[in-house]
Amino acid sequence: MKGLYWQQSSSAEETCFVFLEKDNLPVMREDYVKVQVKACALSQIDAKLLSEIKMEKEFLPVGREIAGVVLETGNKVSSFQPHDEVVGILPLDSEESGLCEHILVHEHYLVHKPEKVPWLESAGIIRDGVRAYTALHYLSYVSPGKTVLVMDGASVAHIIDESDGKYDLTESCLEETGGLGVDIILDAGVKLYNRENETTSEQLLPHKHDIITLLSVGGHWVTMEKNLQLDPPDSHCLFLKGATVSFLNDEVWNLSNMQQGKYLCILEDVMEKLSSGVFRPHLDEPVPLYEAKVSMEMVQKNQARKRQVVQL
(Lines give C-alpha, C1' and ligand atoms only; values in the text may rest on other atoms or scores of the structure.)
Protein backbone atom coordinates (compact mmCIF):
# COMPACT_ATOMS: atom_id res chain seq x y z
CA MET A 1 0.00 0.00 0.00
CA LYS A 2 1.44 3.37 -1.05
CA GLY A 3 2.20 6.08 1.52
CA LEU A 4 4.34 9.20 1.89
CA TYR A 5 7.60 8.92 3.86
CA TRP A 6 10.44 11.17 4.89
CA GLN A 7 13.88 9.91 3.90
CA GLN A 8 16.03 10.72 6.93
CA SER A 9 19.26 9.88 5.19
CA SER A 10 18.88 13.04 3.13
CA SER A 11 20.74 16.15 4.24
CA ALA A 12 19.05 18.72 6.45
CA GLU A 13 19.19 21.27 3.63
CA GLU A 14 17.51 18.94 1.13
CA THR A 15 14.50 17.44 2.86
CA CYS A 16 13.35 14.48 0.80
CA PHE A 17 9.82 13.07 0.80
CA VAL A 18 9.03 9.99 -1.26
CA PHE A 19 6.05 7.78 -1.99
CA LEU A 20 6.77 4.17 -1.07
CA GLU A 21 4.81 1.04 -1.80
CA LYS A 22 4.54 -0.98 1.41
CA ASP A 23 3.43 -4.54 1.91
CA ASN A 24 -0.12 -5.29 3.00
CA LEU A 25 -1.33 -4.13 6.40
CA PRO A 26 -0.05 -6.10 9.39
CA VAL A 27 -2.34 -8.63 11.05
CA MET A 28 -5.23 -7.04 12.96
CA ARG A 29 -4.49 -6.88 16.70
CA GLU A 30 -7.12 -7.27 19.36
CA ASP A 31 -7.07 -3.64 20.55
CA TYR A 32 -6.65 -2.00 17.12
CA VAL A 33 -9.12 -0.71 14.56
CA LYS A 34 -8.81 -0.64 10.78
CA VAL A 35 -9.62 2.80 9.41
CA GLN A 36 -10.34 3.93 5.87
CA VAL A 37 -8.63 7.33 5.75
CA LYS A 38 -10.72 10.15 4.28
CA ALA A 39 -8.46 13.11 5.12
CA CYS A 40 -4.96 13.60 6.50
CA ALA A 41 -3.40 16.89 7.65
CA LEU A 42 0.28 17.69 7.12
CA SER A 43 2.47 19.03 9.93
CA GLN A 44 6.16 19.77 10.27
CA ILE A 45 8.37 16.87 11.32
CA ASP A 46 10.52 17.65 14.35
CA ALA A 47 13.75 15.92 13.33
CA LYS A 48 15.55 16.89 16.55
CA LEU A 49 12.82 15.43 18.74
CA LEU A 50 12.79 12.20 16.76
CA SER A 51 16.54 11.95 17.13
CA GLU A 52 16.32 12.51 20.89
CA ILE A 53 13.81 9.68 21.31
CA LYS A 54 15.94 7.38 19.14
CA MET A 55 13.59 7.16 16.17
CA GLU A 56 16.34 7.08 13.61
CA LYS A 57 14.99 5.11 10.67
CA GLU A 58 15.77 5.49 7.02
CA PHE A 59 12.12 6.20 6.20
CA LEU A 60 9.65 7.84 8.57
CA PRO A 61 5.91 7.94 7.81
CA VAL A 62 4.33 11.31 7.01
CA GLY A 63 0.84 12.42 8.02
CA ARG A 64 -0.37 11.76 11.55
CA GLU A 65 -3.63 13.74 11.87
CA ILE A 66 -6.25 11.54 10.25
CA ALA A 67 -10.01 11.30 9.90
CA GLY A 68 -11.84 8.31 8.48
CA VAL A 69 -14.30 5.45 8.82
CA VAL A 70 -13.82 2.33 10.93
CA LEU A 71 -13.88 -0.78 8.75
CA GLU A 72 -12.95 -3.45 11.27
CA THR A 73 -12.25 -3.74 15.00
CA GLY A 74 -10.15 -6.08 17.12
CA ASN A 75 -11.67 -8.46 19.67
CA LYS A 76 -10.95 -6.19 22.67
CA VAL A 77 -11.96 -2.86 21.12
CA SER A 78 -14.78 -1.36 23.18
CA SER A 79 -15.01 2.24 21.95
CA PHE A 80 -15.76 1.78 18.24
CA GLN A 81 -17.78 -0.28 15.83
CA PRO A 82 -17.59 -0.67 12.05
CA HIS A 83 -18.91 2.39 10.15
CA ASP A 84 -18.06 4.77 13.03
CA GLU A 85 -16.50 8.05 11.89
CA VAL A 86 -13.30 8.77 13.82
CA VAL A 87 -10.48 11.29 14.07
CA GLY A 88 -7.16 11.25 15.87
CA ILE A 89 -3.39 11.73 15.86
CA LEU A 90 -1.14 8.77 15.12
CA PRO A 91 1.61 8.15 17.70
CA LEU A 92 5.18 9.26 17.09
CA ASP A 93 6.31 5.67 16.67
CA SER A 94 3.67 4.80 14.08
CA GLU A 95 5.02 2.57 11.33
CA GLU A 96 2.38 3.64 8.82
CA SER A 97 1.79 6.84 6.88
CA GLY A 98 -1.53 8.55 7.41
CA LEU A 99 -1.60 9.10 3.65
CA CYS A 100 -2.63 5.49 3.05
CA GLU A 101 -6.05 4.30 2.01
CA HIS A 102 -6.28 1.99 5.04
CA ILE A 103 -4.42 2.09 8.33
CA LEU A 104 -4.37 0.20 11.65
CA VAL A 105 -4.62 2.39 14.77
CA HIS A 106 -4.83 1.59 18.48
CA GLU A 107 -8.27 2.60 19.73
CA HIS A 108 -6.75 4.88 22.39
CA TYR A 109 -5.51 7.32 19.74
CA LEU A 110 -8.95 7.94 18.24
CA VAL A 111 -12.22 9.64 19.17
CA HIS A 112 -15.59 9.86 17.44
CA LYS A 113 -16.02 12.56 14.81
CA PRO A 114 -19.27 14.54 15.00
CA GLU A 115 -21.48 13.70 12.03
CA LYS A 116 -21.91 17.26 10.78
CA VAL A 117 -18.17 18.05 10.83
CA PRO A 118 -16.46 17.65 7.40
CA TRP A 119 -13.54 15.25 7.07
CA LEU A 120 -11.09 17.97 6.05
CA GLU A 121 -11.94 20.23 8.99
CA SER A 122 -11.71 17.45 11.57
CA ALA A 123 -8.26 16.35 10.39
CA GLY A 124 -7.11 19.94 9.92
CA ILE A 125 -8.09 21.18 13.41
CA ILE A 126 -7.15 18.28 15.65
CA ARG A 127 -3.47 19.16 16.23
CA ASP A 128 -3.99 22.92 16.52
CA GLY A 129 -6.90 22.25 18.84
CA VAL A 130 -4.75 20.09 21.12
CA ARG A 131 -2.04 22.75 21.06
CA ALA A 132 -4.46 25.56 21.96
CA TYR A 133 -6.17 23.45 24.62
CA THR A 134 -2.84 22.51 26.20
CA ALA A 135 -1.58 26.10 26.21
CA LEU A 136 -4.72 27.82 27.48
CA HIS A 137 -6.19 25.21 29.79
CA TYR A 138 -3.31 23.15 31.18
CA LEU A 139 -0.41 25.60 31.11
CA SER A 140 -1.94 29.03 31.68
CA TYR A 141 -5.37 28.30 33.21
CA VAL A 142 -7.27 30.86 31.19
CA SER A 143 -10.42 32.16 32.89
CA PRO A 144 -12.99 34.95 32.43
CA GLY A 145 -11.55 38.43 32.80
CA LYS A 146 -7.98 37.55 31.81
CA THR A 147 -6.27 39.19 28.84
CA VAL A 148 -4.58 36.92 26.29
CA LEU A 149 -2.00 37.84 23.63
CA VAL A 150 -1.51 35.26 20.87
CA MET A 151 1.54 35.86 18.71
CA ASP A 152 1.01 35.06 15.02
CA GLY A 153 -2.66 34.39 15.78
CA ALA A 154 -5.66 34.90 13.52
CA SER A 155 -9.36 35.70 14.01
CA VAL A 156 -8.89 37.12 17.47
CA ALA A 157 -10.71 39.96 19.19
CA HIS A 158 -8.08 42.59 18.34
CA ILE A 159 -5.29 42.26 15.77
CA ILE A 160 -2.01 44.19 15.80
CA ASP A 161 -0.28 43.93 12.43
CA GLU A 162 3.44 44.56 12.84
CA SER A 163 4.39 43.61 9.31
CA ASP A 164 4.13 47.17 7.95
CA GLY A 165 6.10 48.72 10.80
CA LYS A 166 3.32 51.12 11.83
CA TYR A 167 2.65 49.55 15.22
CA ASP A 168 4.94 48.84 18.14
CA LEU A 169 3.88 45.64 19.89
CA THR A 170 4.79 46.73 23.40
CA GLU A 171 3.25 50.17 23.09
CA SER A 172 0.04 48.86 21.50
CA CYS A 173 -0.53 46.14 24.09
CA LEU A 174 0.19 48.37 27.06
CA GLU A 175 -2.27 50.88 25.64
CA GLU A 176 -4.91 48.16 25.26
CA THR A 177 -4.44 46.99 28.86
CA GLY A 178 -4.19 50.41 30.47
CA GLY A 179 -0.51 49.87 31.24
CA LEU A 180 -1.20 46.78 33.37
CA GLY A 181 0.23 44.25 30.93
CA VAL A 182 -1.16 40.98 29.56
CA ASP A 183 -2.13 38.05 31.78
CA ILE A 184 -1.33 35.28 29.28
CA ILE A 185 1.06 35.43 26.31
CA LEU A 186 1.39 32.62 23.77
CA ASP A 187 4.16 32.70 21.20
CA ALA A 188 5.17 30.61 18.20
CA GLY A 189 8.86 31.32 18.77
CA VAL A 190 10.84 34.37 19.89
CA LYS A 191 14.02 36.27 19.06
CA LEU A 192 16.66 35.78 21.71
CA TYR A 193 18.80 38.62 20.38
CA ASN A 194 18.97 40.96 17.40
CA ARG A 195 21.33 40.12 14.58
CA GLU A 196 22.03 41.28 11.06
CA ASN A 197 20.72 39.54 7.93
CA GLU A 198 17.56 38.25 9.60
CA THR A 199 15.06 36.42 7.41
CA THR A 200 11.54 37.82 6.99
CA SER A 201 10.07 35.21 9.35
CA GLU A 202 12.72 36.02 11.98
CA GLN A 203 12.01 39.75 11.72
CA LEU A 204 8.35 39.15 12.57
CA LEU A 205 9.14 37.16 15.71
CA PRO A 206 8.73 39.06 18.98
CA HIS A 207 11.81 39.69 21.09
CA LYS A 208 11.90 37.96 24.46
CA HIS A 209 12.37 41.32 26.21
CA ASP A 210 9.12 42.60 24.65
CA ILE A 211 7.21 39.62 26.01
CA ILE A 212 8.69 39.96 29.49
CA THR A 213 7.87 43.67 29.47
CA LEU A 214 4.28 42.97 28.45
CA LEU A 215 3.58 40.37 31.15
CA SER A 216 1.31 41.51 33.94
CA VAL A 217 1.94 40.77 37.61
CA GLY A 218 1.32 37.06 38.06
CA GLY A 219 1.22 36.59 34.29
CA HIS A 220 1.88 33.39 32.34
CA TRP A 221 4.20 33.16 29.34
CA VAL A 222 3.64 30.02 27.25
CA THR A 223 6.43 29.63 24.71
CA MET A 224 7.17 27.27 21.82
CA GLU A 225 10.80 28.40 21.75
CA LYS A 226 12.78 25.21 22.47
CA ASN A 227 16.09 26.97 23.08
CA LEU A 228 14.88 29.82 25.27
CA GLN A 229 17.72 31.56 27.14
CA LEU A 230 16.93 33.85 30.04
CA ASP A 231 19.69 36.16 31.24
CA PRO A 232 19.84 37.16 34.93
CA PRO A 233 18.06 40.50 34.27
CA ASP A 234 15.27 38.59 32.49
CA SER A 235 14.85 36.20 35.40
CA HIS A 236 14.91 39.07 37.88
CA CYS A 237 12.14 40.88 36.01
CA LEU A 238 10.02 37.72 35.97
CA PHE A 239 10.72 37.26 39.68
CA LEU A 240 9.58 40.80 40.48
CA LYS A 241 6.34 40.20 38.57
CA GLY A 242 5.77 36.75 40.05
CA ALA A 243 5.35 35.56 36.46
CA THR A 244 5.79 32.04 35.14
CA VAL A 245 7.21 30.55 31.96
CA SER A 246 5.84 27.29 30.51
CA PHE A 247 7.01 25.37 27.46
CA LEU A 248 4.37 24.26 24.98
CA ASN A 249 5.12 20.83 23.51
CA ASP A 250 1.90 19.31 22.19
CA GLU A 251 3.72 16.00 21.62
CA VAL A 252 3.99 15.51 25.38
CA TRP A 253 0.66 13.65 25.35
CA ASN A 254 2.11 11.09 22.94
CA LEU A 255 5.48 10.87 24.68
CA SER A 256 3.86 9.45 27.82
CA ASN A 257 0.76 7.34 28.36
CA MET A 258 0.38 8.35 32.01
CA GLN A 259 -2.53 10.69 31.16
CA GLN A 260 -4.11 8.89 28.22
CA GLY A 261 -7.63 9.41 29.54
CA LYS A 262 -7.09 13.15 29.88
CA TYR A 263 -5.66 13.26 26.34
CA LEU A 264 -8.74 11.54 24.91
CA CYS A 265 -10.95 14.04 26.76
CA ILE A 266 -9.02 16.86 25.06
CA LEU A 267 -9.54 15.28 21.62
CA GLU A 268 -13.26 14.86 22.31
CA ASP A 269 -13.60 18.44 23.52
CA VAL A 270 -11.73 19.76 20.47
CA MET A 271 -14.23 17.95 18.24
CA GLU A 272 -17.15 19.29 20.27
CA LYS A 273 -15.83 22.86 19.99
CA LEU A 274 -15.32 22.40 16.24
CA SER A 275 -18.87 21.12 15.91
CA SER A 276 -20.29 24.07 17.89
CA GLY A 277 -18.27 26.66 15.97
CA VAL A 278 -15.92 27.67 18.82
CA PHE A 279 -12.96 26.42 16.79
CA ARG A 280 -12.79 27.64 13.19
CA PRO A 281 -9.92 26.11 11.22
CA HIS A 282 -8.02 28.07 8.57
CA LEU A 283 -7.49 25.50 5.85
CA ASP A 284 -6.00 25.81 2.40
CA GLU A 285 -7.71 24.26 -0.59
CA PRO A 286 -7.94 20.43 -0.36
CA VAL A 287 -4.72 18.81 -1.52
CA PRO A 288 -5.04 15.80 -3.85
CA LEU A 289 -2.87 12.84 -2.96
CA TYR A 290 -0.61 13.27 -5.97
CA GLU A 291 0.34 16.78 -4.74
CA ALA A 292 0.99 15.70 -1.14
CA LYS A 293 4.76 15.52 -1.63
CA VAL A 294 5.01 19.13 -2.83
CA SER A 295 2.68 20.34 -0.07
CA MET A 296 4.69 18.52 2.60
CA GLU A 297 7.89 20.13 1.36
CA MET A 298 6.23 23.54 1.80
CA VAL A 299 5.03 22.62 5.30
CA GLN A 300 8.47 21.39 6.34
CA LYS A 301 10.05 24.65 5.14
CA ASN A 302 7.38 26.65 7.00
CA GLN A 303 6.17 28.18 3.73
CA ALA A 304 2.48 27.25 4.14
CA ARG A 305 0.43 29.91 5.93
CA LYS A 306 -2.72 27.78 6.15
CA ARG A 307 -3.16 24.18 7.24
CA GLN A 308 -2.58 21.72 4.41
CA VAL A 309 -5.00 18.77 4.37
CA VAL A 310 -4.84 15.92 1.87
CA GLN A 311 -8.15 14.52 0.67
CA LEU A 312 -8.13 10.79 0.01
Side-chain angles (χ1 to χ4, degrees), residues 44 46-49 51-53 128 130-154 156-256 258-259 262 266 302:
Q44 278 187 322
D46 190 336
K48 185 175 181 180
L49 174 62
S51 175
E52 289 172 347
I53 62 177
D128 291 332
V130 169
R131 183 174 294 157
Y133 208 109
T134 303
L136 293 173
H137 185 71
Y138 286 101
L139 296 179
S140 57
Y141 309 105
V142 68
S143 59
K146 289 191 174 181
T147 53
V148 181
L149 172 63
V150 181
M151 300 293 185
D152 200 24
V156 292
H158 183 74
I159 297 176
I160 301 172
D161 185 3
E162 289 192 293
S163 60
D164 58 5
K166 293 181 180 179
Y167 295 96
D168 177 80
L169 177 65
T170 306
E171 181 180 335
S172 299
C173 288
L174 289 177
E175 182 180 347
E176 285 290 322
T177 59
L180 297 177
V182 182
D183 297 316
I184 300 169
I185 299 179
L186 279 62
D187 72 51
V190 298
K191 283 192 292 189
L192 302 179
Y193 51 87
N194 294 320
R195 64 183 181 86
E196 297 180 358
N197 302 322
E198 291 180 337
T199 64
T200 303
S201 59
E202 289 174 335
Q203 291 174 354
L204 295 176
L205 286 176
H207 198 287
K208 63 176 179 178
H209 295 310
D210 292 336
I211 291 182
I212 294 173
T213 301
L214 285 173
L215 275 175
S216 66
V217 172
H220 300 278
W221 175 14
V222 181
T223 181
M224 294 184 66
E225 179 57 55
K226 305 171 188 177
N227 302 310
L228 181 66
Q229 300 175 26
L230 294 178
D231 302 319
D234 300 329
S235 299
H236 185 63
C237 187
L238 291 169
F239 169 77
L240 292 176
K241 293 185 176 187
T244 60
V245 179
S246 300
F247 291 88
L248 175 57
N249 174 16
D250 53 277
E251 294 290 5
V252 71
W253 301 103
N254 276 310
L255 291 171
S256 171
M258 289 293 291
Q259 303 188 57
K262 188 178 292 184
I266 293 176
N302 200 27

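The first residue of the sequence shown is numbered 1, and numbering continues consecutively from there. Every heavy atom of this structure was used, including side-chain atoms; hydrogens, water molecules and symmetry mates were not.
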> Going from CG on Leu186 to OG on Ser246, what distance comes out if it is rounded to the nearest 0.5 angstrom?
Replying inline: 10.0 Å
>> Evaluate Lys208 against Glu225 for side chain to side chain contact (heavy atoms under 4.5 Å, CB included), listing each step before the verdict.
In response: CA-CA 10 Å; Lys208 63 176 179 178; Glu225 179 57 55; over 6 Å; no
> How long is the gap from CG on Leu248 to CZ on Arg131, to the nearest 0.5 Å?
Replying inline: 6.5 Å
>> Contact between Asp46 and Lys226 at the side-chain level, heavy atoms closer than 4.5 Å - yes or no?
In response: yes
>> For Leu230 and Ile212: C-alpha separation, side-chain torsions, deciding distance, then whether side chain to side chain contact (heavy atoms under 4.5 Å, CB included) applies.
In response: CA-CA 10 Å; Leu230 294 178; Ile212 294 173; 4.2 Å; yes
>> Give me each pair satisfying ring pair (Phe, Tyr, Trp, His ring centres under 6.0 Å) with a member in residues 228-252, each pair once, sequence neighbours excluded.
In response: none
> What's the spacing between Asp210 CG and Asp187 CG if we round to 0.5 Å?
Replying inline: 11.5 Å
>> Can you list everything that forms a side-chain hydrogen bond (donor to acceptor under 3.5 Å, both in side chains) with Lys241? Sequence neighbours excluded, please.
In response: none
> Roughly how far apart are Leu149 CG and Thr147 OG1, rounded to 0.5 Å?
Replying inline: 8.5 Å
> Given the rule in the side chain to side chain contact (heavy atoms under 4.5 Å, CB included) test, do Ser216 and Asp183 qualify, once you have shown the distances and angles that lead to the verdict?
Replying inline: CA-CA 5 Å; Ser216 66; Asp183 297 316; 3.0 Å; yes
Show every donor-acceptor pair shorter than 3.5 Å between a side-chain atom in residues 134-141 and any protein atom, with sequence neighbours excluded, or say none if there are none.
residue, atom, partner, partner atom, Å
Thr134, OG1, Val130, O, 2.7
Thr134, OG1, Trp253, NE1, 3.0
Ser140, OG, Ala135, O, 2.7
Ser140, OG, Leu136, O, 3.3

> What do the steps show when you test Tyr133 against Asp250 for side chain to side chain contact (heavy atoms under 4.5 Å, CB included), and what is the final call?
Replying inline: CA-CA 9 Å; Tyr133 208 109; Asp250 53 277; over 6 Å; no
> Taking the side chain from Asp234 and the backbone from His209, do they hold a donor-acceptor pair closer than 3.5 Å?
Replying inline: no
